[in-house]
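Worksheet for the structure shown next.
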Amino acid sequence: MLEPAYQVDVVIVGAGIAGLSAAHRLTSAGVTTAVLEAAPYAGGRMSTEKVDGFRLDRIGQLLSTSYPELRLTPGLDALAVRRFAPGVLLHRDGRAQRALPPAGGGGARGARGALHVVRALAGAPRGAAGTPGRTAAPVGGAVDQARLGAALGRIAATPVERILARPEMPAGQALAQRGVPARTIDGFLRPLLAALLCDPELSTSSRCADLALRAFASGRLCVPEGGAEMLPELLARGLPPGTVRTGVRVTSVSTTRVSTAEHGEIHCRAVLLATDARAAAELLPGLRVPDFHPVTVVHHTTDDPAAAFSAGTSLLLDADRGGPVAHTAVLSNVDPSRAPAGRVLISSTVLGPPPQGVDTAVRIHLSRLYGTSTRRWETLAVHHTPEAVPAMRPPHDLRRPVRLLAGLYVCGDHRDTSTVQGALHSAHRAASAILADLGAAGSMHTADPTPTLPRAA
Ligand SMILES: Cc1cc2nc3c(=O)[nH]c(=O)nc-3n(C[C@H](O)[C@H](O)[C@H](O)COP(=O)(O)OP(=O)(O)OC[C@H]3O[C@@H](n4cnc5c(N)ncnc54)[C@H](O)[C@@H]3O)c2cc1C
């Protein structure tokens, strides 16, 4: 039989940030691509809901200015990020104090080599532990802080490949084996890593936890200005018109063809699966499906100035685990574009299965964290994602192969680390493998790729 004419060089399944960034790299190299997306919109997990002028992310987004792929991904050059205040605010025993990483950590003001705990959260209630003679800070005394600061400084300077060569075990076990005092783990490292990895039990691979600490110590926590959707939006904007087709569910794939539920078949020279892990395994049985960490994000607004000002632009972590909220921020202070003028947006993240009546439980907890009544706060949205973040339990291969066969490739956060950085990096690797296999140096196909498919909304 004659081969059917190719309609497009590469079909990419899934218009999350992995699929879109791979499309960017391929089209820049002259390879025609069609990105097929089952949902009515592009962006995948990085979507932003608009409610009464608020921009509400599904995800409790924490990026780091040190994520290399934010700089390396073509199409994201125009991405603006809004930085949190240096370090984090830790709430413990009724007190909140700022922990700054060592100097160099994205411009933090802490003394070089020491974790610096500087001040209580204005307005936070003071418990017994705040009185003289009791533990001075959530992470312990001056010696503990100096040790922790030195360890963070060292990890910031450690090359990634050296971290990946270390023995691997659950992060909680690794911290205990390294002799880190329990008060430092519980007061600082557990709440920080829980927030960065969406894993309050610290069951994540110690290598991935070290990479997260490295990113924290060498950069600043930040969010995309305008909401999580700005990343996929910028990536999609840079693609040739008609490349992204939404509302197209792919039902099967091979090296030279994809079938769709309602739009027939598309012939191509290669297929890149850029879906989430579960959808990838449905299309290619045999691909591993990891466990997932469920995440719930609750958005509130209030006209109470106490909440608006007390936390400033900080990320507030609960070291007490005194309620469902793992971390919270007055996001409109960090990124004013997320709320209408004069309104406050408070976004809080619950890790694990949410409790019954999650909004009430969150409000009670937030009243302790912000030191103010939350009874009159208005709930804007509760977003629950049961399969939010692929778990990275040891052994975790964060360079999982992206080339399955010549002509069949897979990328997404489940092939790397379960982060924006991981999704983008896996796409970078997949696009390089495709270009190497196609021997691509110029356009292989010039016709309108998929004229029968609907265009992106
Ligand atoms: C609640 C939550 C909190 C998070 N917090 C953070 C954080 O703080 N920091 C961080 O770095 N990361 C965080 N993440 C993770 C980050 O959002 C993801 O790693 C990243 O968005 C994954 O992108 P992706 O392109 O790999 O996958 P996705 O965004 O899942 O994209 C896959 C796309 O494939 C489409 N698709 C699936 N099946 C088909 C099919 N058959 N046909 C066509 N299309 C299909 C889907 O509709 C989807 O659009 C969080 C995620 C969630 C949900």
Side-chain angles (χ1 to χ4, degrees), residues 11-23 34-48 57-64 67 69-70 84 194-199 208 211-212 215-216 221-224 228-229 231-232 235-236 244-253 258-263 271-284 292-298 315 326-327 329 347 349-352 354 382-390 392 402 410-427 430 453 456:
V11 173
I12 298 176
V13 186
I17 49 166
L20 291 170
S21 61
V35 184
L36 308 183
E37 169 56 51
Y41 52 87
R45 276 168 275 171
M46 300 202 68
S47 65
T48 302
D57 284 355
R58 272 206 86 75
I59 74 178
Q61 184 79 142
L62 295 177
L63 302 183
S64 167
Y67 280 174
E69 292 294 336
L70 290 181
F84 286 95
L196 299 177
L197 302 168
C198 298
D199 172 20
C208 299
L211 288 179
F216 172 76
L221 294 175
C222 60
V223 289
E229 71 171 15
L231 276 88
L235 291 169
V244 181
R245 312 298 175 112
T246 56
V248 181
R249 175 168 293 283
V250 170
T251 52
S252 72
V253 295
V258 303
S259 304
T260 68
E262 287 164 342
H263 301 282
V271 173
L272 171 58
L273 261 190
T275 68
D276 53 282
R278 189 172 298 285
E282 278 162 15
L283 289 167
L284 285 180
F292 293 89
H293 296 301
V295 179
T296 307
V297 181
V298 186
L315 182 72
H327 58 91
S347 300
T349 297
V350 174
L351 303 175
V382 179
H383 292 143
H384 177 60
T385 311
E387 298 195 341
V389 176
M392 299 186 284
V402 290
V410 59
C411 67
D413 59 351
H414 53 105
R415 308 305 287 176
D416 210 283
T417 55
S418 309
T419 59
V420 167
Q421 159 67 21
L424 294 172
H425 189 243
S426 72
L453 293 173

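Bear in mind that the values here come from a model prediction, so they are computed numbers and not experimental data. We count ligands from 1, going down the list as the structure has it; atoms in each ligand are counted the same way. By convention here, the first residue in the shown sequence is residue 1.
Judged by distance alone, the side chain of R58 and the main-chain N or O of G44 form no donor-acceptor pair under 3.5 Å. No donor-acceptor pair closer than 3.5 Å links the side chain of E387 to the backbone N or O of H293. Formation of a donor-acceptor pair under 3.5 Å by the R45 side chain with backbone atoms of A388 is found in this model. The backbone N or O of T275 lies less than 3.5 Å from a partner atom in the side chain of H414, making a donor-acceptor pair.
Between G412 and S426, the shortest heavy-atom distance links the atoms N-OG, 2.8 Å. Across all non-hydrogen atoms, the minimal contact from F84 to C222 is CD1-N, 3.8 Å.
Under a 4.0 angstrom heavy-atom cut-off, V248 registers as being in contact with ligand 1.
For the residues A274, G44, G14, the heavy atom positioned nearest atom 32 (C) of ligand 1 is part of A274. When the heavy-atom distances from atom 21 (O) of ligand 1 to M46, R415, H327 are ranked, the shortest goes to M46.
Under 4.0 Å from ligand 1, not a single heavy atom of E282 appears. When heavy-atom distances to ligand 1 are checked against a 4.0 Å cut-off, L196 has no atom that comes that close, whether in backbone or side chain. Proximity of Y67 to ligand 1, defined as any heavy-atom pair under 4.0 Å, is confined to the side chain (atoms from C-beta onward).
Taking any N or O of L62, backbone or side chain, at least one lies under 3.5 Å from an N or O belonging to ligand 1. For ligand 1, the polar-atom distance check against V389 finds no nitrogen or oxygen pair separated by under 3.5 Å. Residue A279 has no N or O atom closer than 3.5 Å to an N or O atom of ligand 1. Taking distance alone, with nitrogen or oxygen atoms compared against 3.5 Å, I59 stays at or beyond that limit from ligand 1. Taking only nitrogen or oxygen atoms, main chain and side chain alike, E37 reaches within less than 3.5 Å of ligand 1. For the pair V295 and ligand 1, the shortest N or O to N or O distance does not fall below 3.5 Å. Ligand 1 has a nitrogen or oxygen under 3.5 angstrom from a nitrogen or oxygen of I17. For a threshold of 3.5 Å applied to N or O pairs, the pair formed by R45 and ligand 1 contains at least one separation below that value. Any N or O atom pair closer than 3.5 Å counts here, and D413 shares at least one such pair with ligand 1.
Below 4.0 Å from some heavy atom of G16 lie the following atoms of ligand 1, by number and element: 25 (O), 29 (O), 31 (O), 33 (C).
Put simply, the side chain of S47 does not reach to within 4.5 Å of the side chain of E229, judged on heavy atoms.
Regarding atom 39 (C) of ligand 1, its nearest protein heavy-atom neighbour is T275 CG2, 3.8 Å. The protein non-hydrogen atom at the shortest distance from atom 40 (C) of ligand 1 is V250 N, 3.8 Å. Protein heavy atom at the shortest distance from atom 11 (O) of ligand 1 is V420 N, 2.9 Å. For atom 13 (C) of ligand 1, the nearest non-hydrogen atom of the protein is Q61 NE2, 4.1 Å.
Counted by atom type alone, S259 and T251 present zero donor-acceptor pairs between their side chains at under 3.5 Å. Between the side chains of T48 and D57, at least one donor-acceptor pair of N or O atoms lies under 3.5 Å.
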Evaluate salt bridge (charged side-chain N to carboxylate O under 4.0 Å, His left out) for E262 paired with R249, printing each intermediate quantity in order. CA-CA 8 Å; E262 287 164 342; R249 175 168 293 283; over 6 Å; no
